[in-house]
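Before any comments, here is the structure.
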Amino acid sequence: MAGYDFTKIEAKWQAHWQDNQTFRQPNPGDADFVERDPYYVLDMFPYPSGAGLHVGHPEGYTATDIISRYKRMTGFNVMHPMGYDAFGLPAEQYAVTHGVHPRETTEKNIANIERQIKMFGFSYDWSRRISTTDVEYYRWTQWIFLQLFNSYFDPAELKAKPISHLVHELENENYLIGMGGEIVFDTYGLEAIAEEVPLTRKWYELSGEEQHEILDTHRLAYRAEVPVNWCPQLGTVLANEEVTNEGRSERGNFPVYRRALKQWMLRITAYAERLLDDIEDVDWPEPIKLMQRNWIGKSTGAEVEFAIDGTDESLLVYTTRPDTLFGATYMVVAPEHPLVDTLTTAEQKSAMDTYIAAAVNKSDLERQTEGKDKTGVFTGCYAINPVNNEKTPIWVADYVMMGYGTGAIMAVPGHDTRDFEFATAFDLPILQVVQPDGDGDGDWQGFVGNGTSVNSGFLDGMTTPDAKAKMIDWLEDQSLGHGATNYKLRDWLFSRQRYWGEPFPIVHCDECGTVGLNDDQLPLELPPMDDFSPASSDDPDSPPRPPLGKMTDWITTPCPLCGKDSRRELNTMPQWAGSCWYFLRYLDPKNTESFCDAKIADYWLGEGKSGGVDLYVGGAEHAVLHLLYSRFWHKVLFDLGHVNTVEPFYKLYNQGMITSFTYRDSRGIAIPYTHCESRDGKMVHTETGEVLVESVEKMSKGLGNVVNPDEIIGEFGADTFRLYEMFMGPLNASKPWNTRDVPGVFRFLQRAWRMVAGDENSPALLTEADQDDVEKLLHRLAAKVGDDIEQMKFNTAIAAMMEFVNAVFKNGAIGQSQAERFVLILAPFAPHLAEELWSILGHGESMAYEPFPSFDEAMLTDDTVELAVQVCGKMRGKVSVAADADEATILAAVQADAKVAAHLEGKAIVKTIVVPGRLVNLIAK
RNA sequence: GCCGGAGUGGCGGAAUUGGCAUACGCGAGGGAUUUAAAAUCCCUUGACCGGUAGGUCAUGCGGGUUCGAGUCCCGCCUCCGGCACCA
């Protein structure tokens, strides 16, 4: 018999699976569809980078493959697809510097990463493969964008509806237009006063232009002026992460300017409450739920109006602590606040202009990294505190953000840390209005918790929650304010000044305004281009010019509404767009009529229940953005009737990061693996012999600690690689890769091979008849492994299989049917080896759909159990008793034990604790 | 600063959730086989005292609850991840 030739075996079975379409999963309606329970296992699809796969990718993929294979063996139809999130910056940057079209680079990278993924023998249904860059894919990304563009959020029903419905309601005058241009949805309450106060206009009273504007400001996809990091030299807008602390671009170190640009936004804030509520119904790790809740950041408090002294204007502030209104000793407005000019007096104007110019040009990061040093400028103007009519100075300071609340605060330095720091820095009065609970003279300065109101007029003596409620009532009675809810969540900035992304299916028409393409005009393909560099400029005030701006022929196109010349939108969509809905396209990837057939989606995602995908595995780095964006899109699709589940992902599991050992010399310099070697169990520098210090860090090229999967597979095979990554530790823990440990699992697979197939030196251990001693172990193994797979505890499942094989070698023999069952248990983990052994055991077909071995409950228990015996809590011995022995029998056996008796000598037993099946503790004096 | 997670042998980790701490694997040491090596197999391996009996001490540190704590409670320390002037 030949030895374990993994190279041959793995090639053979991968070809077999591919040739026989073993893992193609038919949809309902397909001729070969068999009705079974559906199970949808999804991986976060990779970005096909030029560097290819790193060892972190196959960790999650192996876990989902084990689940997929196990689910097939336990009678499910398994949806297990793979694809590529292939739009993105690197391909475009490569195009800029090397003149290679991003599509070319992308296709090359996909080919490489797919080759790598296929080496692992994952059981994907490759017929469902998609890439977000496929025209037939992004056609539907554009279509979904148009759904957003053509929808608005109904504030009464809290759901998206077609914008045509809004127009209908406006035309029928069910909704009116307020003087500020806002839509008055609730005309019911208004009717009573409408006659005396003509606050509203009717739809027909508006000009065409006004009508467009009203609609455009209510769409789920709308355009707004948003401050962004504009880098003229790079000709693009940068993410915060791409801007250095010095306010320069990470790439090229060019200056970055904060500038307001007209950008596409998606109204995710409308869904804040539903995103918050529905997260209760999904099976996600609690920390991830918490992160999403914190990101949405709901808070309740009040909006309060402060009259501005000497003018008719007023300043609206949001506070979570209306109970501290009596302690407000100054006000702060954000530098971007529209009232700043009005508020600033002539004497203060020049100081203010300087301050605002500096503040506005700071990146968010800069504004935040200045630490605790508070800066600000007095406007020279005062507001009137509505509760006590005190004059309170109004300041401008950049610690208040325009993007949150009303962009203005009442500062209560006595009970807010930031206000306290600011007041200290500028010598502003600090008043106590809350008394901490407990002994009276505790330090109240900077106390931000709940307590009892003091120095607060009608609130005195009330607890903080009561005082909040009382104050809100009072404000509402006096028409000075009202209770309010706020979210940290902001609308999603959805446009990029780049080439390699989905073009917006939008034109700008002088007559009709912003117009969406018709469905039959999709896909709107990216126009071919040779030169991808964005227009660069030294002038900070140069207008942004996306790469598509160069396509002069392409830009001008007939307006879908009026047919006159209109200009195409030149921005493209962000990478998140394609990844928001890819799990839907997998279900029906070839459909040309819709993004996914509803019946097919209903089968795989279910109907009505909260969640869709049964299991979604990926890194925790996507905890907020991707998962939140995807949930948002899904809810919009749900509202518009395109999907029937409220949530996209029912169960989420986060794999941990695979880190790497890094070796540093005495100077702290990381020594690449190529210059390290192990001597006497210590890692030393190959040349100098210096003993190196080991630490665990992220894999990165710079540290020389990157592990390449190709090399490991070449040396040990894919099954070993899979097994090693699963054996390293719990899937959700971050853990260091250690190539030194790989041979351990390789040896296990070789032993499994020799057990069943033998090799030149040792015969197989197979016997025709089953081995009694092995049978019980096998049942326990089946129970343990099945259980561990369900709980995603793959490391302990593998340990159990190792113990089993070790025990069989001790026993010296295993029955044919027992070997078969063992191989089936091993199959989800090491499928190539298992298939080969399965065929050696005499089976012609693939084992992929063989039932997972069952177990007999009776085989899991023993007749006798060993109990640990403690005397006064200390381990003193062990006794064997019948499993069903009563307490008296057990105690008799325990006291008969010589060692135990010795420890009991001269003492009287005062208490006995018997834990059935586990231990006996005797307390003696 | 805030939020979240984690600290167990030389290393990765296990421990039925309050019940025999250190499963499984790596590494290390010794032995068998071999001309030799690789591979394979066997033994030892938390620390300390002692002899392989036996004992004492060990799950980041200090307290506590309990017959019993890696697990629960209180107070610290360290590391990792995320967010950050969010009113």
Side-chain angles (χ1 to χ4, degrees), chain A residues 3 285-288 290-291 293-295 297 299 301 317-321 324 332 364-365 367-372 374 397-401 403-412 416-419 421-422 448 486-490 620-621 623-624 656-657 659 661 678 680-682 694-698 724 727-730 732-738 740-745 747-748 750-751 754 759-762 784 787 793 795-796 798-803 806 809 866-875 877-878 899 902 910-913 915-923:
Chain A
E286 207 45 54
I288 302 292
L290 201 54
M291 282 162 90
R293 283 188 206 112
N294 291 343
W295 189 268
S299 70
V317 303
Y318 172 72
T319 177
T320 55
R321 291 297 298 269
T324 62
V332 183
D364 263 1
L365 213 66
R367 214 157 131 171
Q368 291 152 13
T369 29
E370 277 182 33
K372 299 241 172 271
K374 294 281 183 289
D398 63 7
Y399 80 92
V400 170
M401 302 283 148
Y404 182 78
T406 60
I409 62 160
M410 60 173 212
V412 184
D416 181 279
T417 315
R418 290 148 305 162
D419 296 346
E421 284 162 2
F422 189 87
V448 298
N486 244 303
Y487 301 92
K488 284 195 249 177
L489 184 69
R490 293 180 203 174
E621 65 270 25
V624 178
M657 201 187 354
T659 52
F661 286 109
S678 173
D680 302 328
K682 289 194 171 112
E694 184 179 278
S695 61
V696 171
E697 300 180 39
K698 258 187 192 166
Y724 171 65
F727 188 61
M728 287 172 78
N732 61 5
S734 121
K735 45 211 173 281
W737 176 279
N738 192 352
R740 201 174 59 178
D741 288 341
V742 174
V745 287
R747 282 200 274 268
F748 160 66
Q750 285 181 305
R751 282 163 71 79
R754 283 202 308 276
D759 65 10
E760 300 91 344
N761 303 318
S762 51
K784 166 83 175 158
D787 203 46
K793 288 166 65 175
N795 53 332
T796 51
I798 293 166
M801 290 189 277
M802 287 174 166
E803 286 182 275
N806 289 345
F809 271 89
E866 192 174 61
L867 299 181
V869 183
Q870 298 181 337
V871 178
C872 297
K874 285 204 185 278
M875 275 296 304
K878 289 172 185 181
K899 270 184 256 167
V910 294
K911 189 174 181 184
T912 60
I913 294 119
V915 184
R918 307 211 55 94
L919 116 175
V920 177
N921 190 4
L922 304 175
I923 311 303

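Order of the sequence lines fixes the chain letters, A, B, ..., with proteins taken first and strands second; residue numbering starts at 1 for each chain. From a predicted model like this one, the values you see are computed outputs, not experimental measurements.
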Determine which nucleotide pairs with [N], using a 3.5 Å limit on both distances of a Watson-Crick or G-U wobble pair.
N	result
rG62(B)	rC74(B)
rC11(B)	rG25(B)
rC83(B)	rG1(B)
rG18(B)	none
rA53(B)	none
rG68(B)	none
rU35(B)	none

Practice problem: Return the value, rounded to whole Å, for the distance between atom NZ of K793(A) and atom C1' of rC24(B). | Solution: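 From K793(A) NZ to rC24(B) C1': 14 Å.
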Quiz item: With A733(A), which residues qualify under side-chain contact (heavy atoms from CB on, under 4.5 Å), at least two apart?
Solution: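 Checked A733(A) against side-chain contact (heavy atoms from CB on, under 4.5 Å); matches are P730(A).
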Quiz prompt | Heavy-atom pair with the smallest gap, counting every atom of Y318(A) and S299(A) | solution =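 Scanning both residues, the minimum pair turns out to be OH-OG, 2.8 Å.
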Quiz item: Can you list the steps and then say if F809(A) with S762(A) is a side-chain contact (heavy atoms from CB on, under 4.5 Å)?
Solution: CA-CA 11 Å; F809(A) 271 89; S762(A) 51; over 6 Å; no
Practice problem: On RNA chain B, check which nucleotide each of I923(A) and T319(A) is closest to and give me the residue with the more 5' one. | Solution: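 Closer to the 5' end of RNA chain B: I923(A).
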Quiz item: Under 30°, 30 to 60°, or over 60°: which ring-plane class applies to W737(A) and Y724(A), parallel, tilted or perpendicular?
Solution: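 W737(A) and Y724(A): perpendicular rings.
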Please list, for nucleotides 52-56 of chain B, all pairs of protein and nucleotide N/O atoms separated by less than 3.5 Å.
| from | atom 1 | to | atom 2 | distance (Å) |
| --- | --- | --- | --- | --- |
| rG55(B) | OP1 | R876(A) | NH1 | 3.4 |

What nitrogen or oxygen pairs link the protein and nucleotides 38-48 of chain B at under 3.5 Å?
| from | atom 1 | to | atom 2 | distance (Å) |
| --- | --- | --- | --- | --- |
| rU40(B) | O3' | R754(A) | NH2 | 3.3 |
| rC41(B) | OP1 | R751(A) | NH1 | 2.2 |

Practice problem: Name all residues meeting the salt bridge (Lys or Arg N to Asp or Glu O under 4.0 Å) criterion together with R293(A); count only those two or more places apart in sequence or in a different chain, and write none if there are none. | Solution: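 Expected list: E280(A), E286(A).
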Quiz prompt | Qualifying residues under salt bridge (Lys or Arg N to Asp or Glu O under 4.0 Å), relative to R754(A), sequence neighbours excluded | solution =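 By the salt bridge (Lys or Arg N to Asp or Glu O under 4.0 Å) rule, R754(A) matches no residue at all.
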What nucleic acid atoms does [X] come within less than 4.0 Å of, heavy atoms only: base, sugar-phosphate, or nothing?
X	value
K735(A)	sugar-phosphate
P730(A)	sugar-phosphate
T912(A)	nothing
L919(A)	base

Exercise. Go through rC86(B), rA14(B), rG68(B) for me and flag the one nearest to the N795(A) side chain.
Key: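 Ranking rC86(B), rA14(B), rG68(B) by closest atom to the N795(A) side chain puts rA14(B) first.
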Quiz item: Are any non-hydrogen side-chain atoms of F727(A) and M802(A) less than 4.5 angstrom apart?
Solution: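 Yes, close enough: below the 4.5 Å cut-off.
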Quiz prompt | Any N/O donor-acceptor pair, K911(A) side-chain to rC67(B) base, under 3.5 Å | solution =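 Side chain to base: no pair present.
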Practice problem: First locate atom CG of D419(A), then atom CD1 of I409(A), and finally report the distance between them rounded to the nearest 0.5 Å. | Solution: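 Answer rounded to 0.5 Å: 4.5 Å.
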Practice problem: Apply side chain to side chain donor-acceptor pair (under 3.5 Å) to T912(A) and list each qualifying residue two or more places apart in sequence or on a separate chain. | Solution: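 Scan of T912(A) (side chain to side chain donor-acceptor pair (under 3.5 Å), adjacent residues dropped) gives none.
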